[in-house]
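Quick one: structure below, then a few questions.
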Amino acid sequence: VDVTRVLLEAGAEGRDYALELVVSGQVSRECGVQLELIDVLVDAGADPNCLDSALAHSENAAAERLLERGAQETVVASVCLGRPYDLASSTPEDRQVALAGAALHGRAGAIRDLVATAVDVNAFNPPGWHSHSTALHSAVVSRSAEAVQVLFCQSRNAPNSPS
């Protein structure tokens with residue numbers, strides 16, 4: 001944290017990128033400095049609107065701190081953090097990202113709600129959300145049997161699903 005302060009005082013650039021690295025990486029959390037680094041970087045002018053970077057790596061405490069520091073709460077952030085969400089005012093793209101987040105965070109209830117809005121349960125996750133995999137893969141990572149079950153059943157019933 002002190003080194004970060006010295007670098008910032010010396011005029012170092014890349015505050016936004018540094019913040020994304022801090023909120024998405026487990027090293028700063030495991031070293032016990034993640035939240036303090038978030039504060040230092042946001043105080044130095046970094047944009048706190050990098051929630052997806054934290055949430056896509058299950059760094060929920062970092063996401064909570066970003067919200068405290070002024071990040072705009074999104075549908076995917078609400079879904080991932082177990083907060084109330086409003087799908088009616090969201091775009092299809094927002095709902096597809098929220099599906100990836102709900103799966104990764106094992107939020108079976110949110111997955112059911114999102115399925116009801118006609119998200120594509122068999123689509124690859126959006127960029128930034130482990131785009132090499134699907135929501136079902138992400139649900140397996142979450143270790144939520146209920147989320148896996150919901151997505152497995154939905155993926156078999158979806159149009160154009162693999163047999």
Side-chain angles (χ1 to χ4, degrees), residues 16-30 32 34-35 37-38 41-42 46-163:
D16 292 344
Y17 181 65
L19 182 59
E20 286 190 43
L21 291 175
V22 166
V23 303
S24 65
Q26 66 187 38
V27 173
S28 61
R29 175 180 38 81
E30 289 175 352
Q34 186 180 50
L35 302 181
L37 280 171
I38 291 169
L41 288 163
V42 172
D47 184 356
N49 288 299
C50 55
L51 286 168
D52 284 9
S53 295
L55 295 167
H57 293 91
S58 299
E59 294 292 338
N60 291 1
E64 293 282 0
R65 180 57 61 94
L66 290 169
L67 288 167
E68 291 169 9
R69 296 305 312 259
Q72 180 180 354
E73 188 162 347
T74 60
V75 171
V76 68
S78 299
V79 164
C80 290
L81 296 172
R83 296 173 174 222
Y85 49 86
D86 176 19
L87 299 178
S89 63
S90 63
T91 67
E93 294 79 16
D94 290 339
R95 291 189 294 274
Q96 201 66 45
V97 174
L99 176 67
L104 186 63
H105 289 260
R107 305 283 186 199
I111 293 168
R112 284 186 194 91
D113 292 344
L114 288 156
V115 165
T117 69
V119 292
D120 183 354
V121 295
N122 291 320
F124 282 99
N125 290 333
W129 286 89
H130 310 285
S131 59
H132 58 280
S133 61
T134 66
L136 181 57
H137 292 106
S138 296
V140 170
V141 170
S142 80
R143 297 180 182 253
S144 168
E146 185 181 6
V148 169
Q149 183 179 20
V150 170
L151 284 163
F152 179 74
C153 291
Q154 289 300 320
S155 68
R156 292 183 49 133
N157 295 327
N160 302 319
S161 67
S163 298

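Count residues from 1 along the sequence.
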Could you check whether any side-chain heavy atom of Asp94 comes within less than 4.5 Å of a side-chain heavy atom of Thr74, counting everything from C-beta outward?
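Not in contact.
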Closest heavy-atom contact between Gly128 and Ala56?
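Minimum heavy-atom contact is O-CB, 3.2 Å.
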If the test is side chain to side chain contact (heavy atoms under 4.5 Å, CB included), which one of Val23, Asp16, Val22 qualifies with Leu41?
Val22
Are any non-hydrogen side-chain atoms of Arg95 and Val75 less than 4.5 angstrom apart?
no
Pairwise side-chain contact, Cys80 with Leu104, heavy-atom cut-off 4.5 Å (strictly under):
no
Side-chain contact, heavy-atom cut-off 4.5 Å: Glu59 with Gln34?
yes
How close do Ser133 and Ser138 get, counting heavy atoms only, and between which atoms?
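Nearest heavy atoms, Ser133 then Ser138: OG-OG, 4.0 Å.
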Apply side-chain contact (heavy atoms from CB on, under 4.5 Å) to Glu73 and Arg83, showing your working.
CA-CA 10 Å; Glu73 188 162 347; Arg83 296 173 174 222; 3.0 Å; yes
Per the side-chain hydrogen bond (donor to acceptor under 3.5 Å, both in side chains) rule, what does the pair list look like for residues 140-153, sequence neighbours excluded?
Arg112-Glu146
List the atom of Ser131, the atom of Pro126, and the distance in Å for their closest heavy-atom pair.
CB-O, 3.7 Å
I'd like to know whether Asp47 forms a side-chain contact (heavy atoms from CB on, under 4.5 Å) with Leu19, so could you lay out the CA-CA distance, the side-chain angles of the two residues, the decisive distance to 0.1 Å, and finally the verdict.
CA-CA 8 Å; Asp47 184 356; Leu19 182 59; 5.9 Å; no
Nearest atoms (heavy-atom pairs only) where Thr134 meets Asn122
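Closest approach of Thr134 to Asn122, heavy atoms only: CG2-O, 3.9 Å.
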Asp52 side, atom CG; Trp129 side, atom CH2 - distance, nearest 0.5 Å:
5.0 Å
How about Leu67 and Leu51: do any of their side-chain heavy atoms sit closer than 4.5 Å?
yes
With heavy-atom distances below 4.5 Å as the criterion, would you say the side chains of Leu151 and Leu99 are in contact?
yes
Donor-acceptor pair, Gln72 side chain versus Asn49 backbone, under 3.5 Å?
no
Go through Val79 and Asp113 one step at a time and tell me if the side-chain contact (heavy atoms from CB on, under 4.5 Å) criterion holds.
CA-CA 10 Å; Val79 164; Asp113 292 344; over 6 Å; no
Please report the closest heavy-atom contact between Ala135 and Asn125, naming both atoms and the distance.
N-OD1, 3.3 Å
Verify the neighbour count for atom CD of Glu30: are there more than 12 heavy atoms of other residues, nucleotides or ligands below 6.0 Å?
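Enclosed.
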Can you name the nearest heavy-atom pair linking Ser53 to Glu20, along with the distance?
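Minimum heavy-atom contact is OG-OE1, 3.2 Å.
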Quick one: are Leu81 and Leu55 in side-chain contact, heavy atoms under 4.5 Å?
yes
When rounded to the nearest 0.5 angstrom, what is the spacing between CG in Asn60 and NE2 in His105?
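Rounded to the nearest 0.5 Å, the CG-NE2 separation comes out at 5.0 Å.
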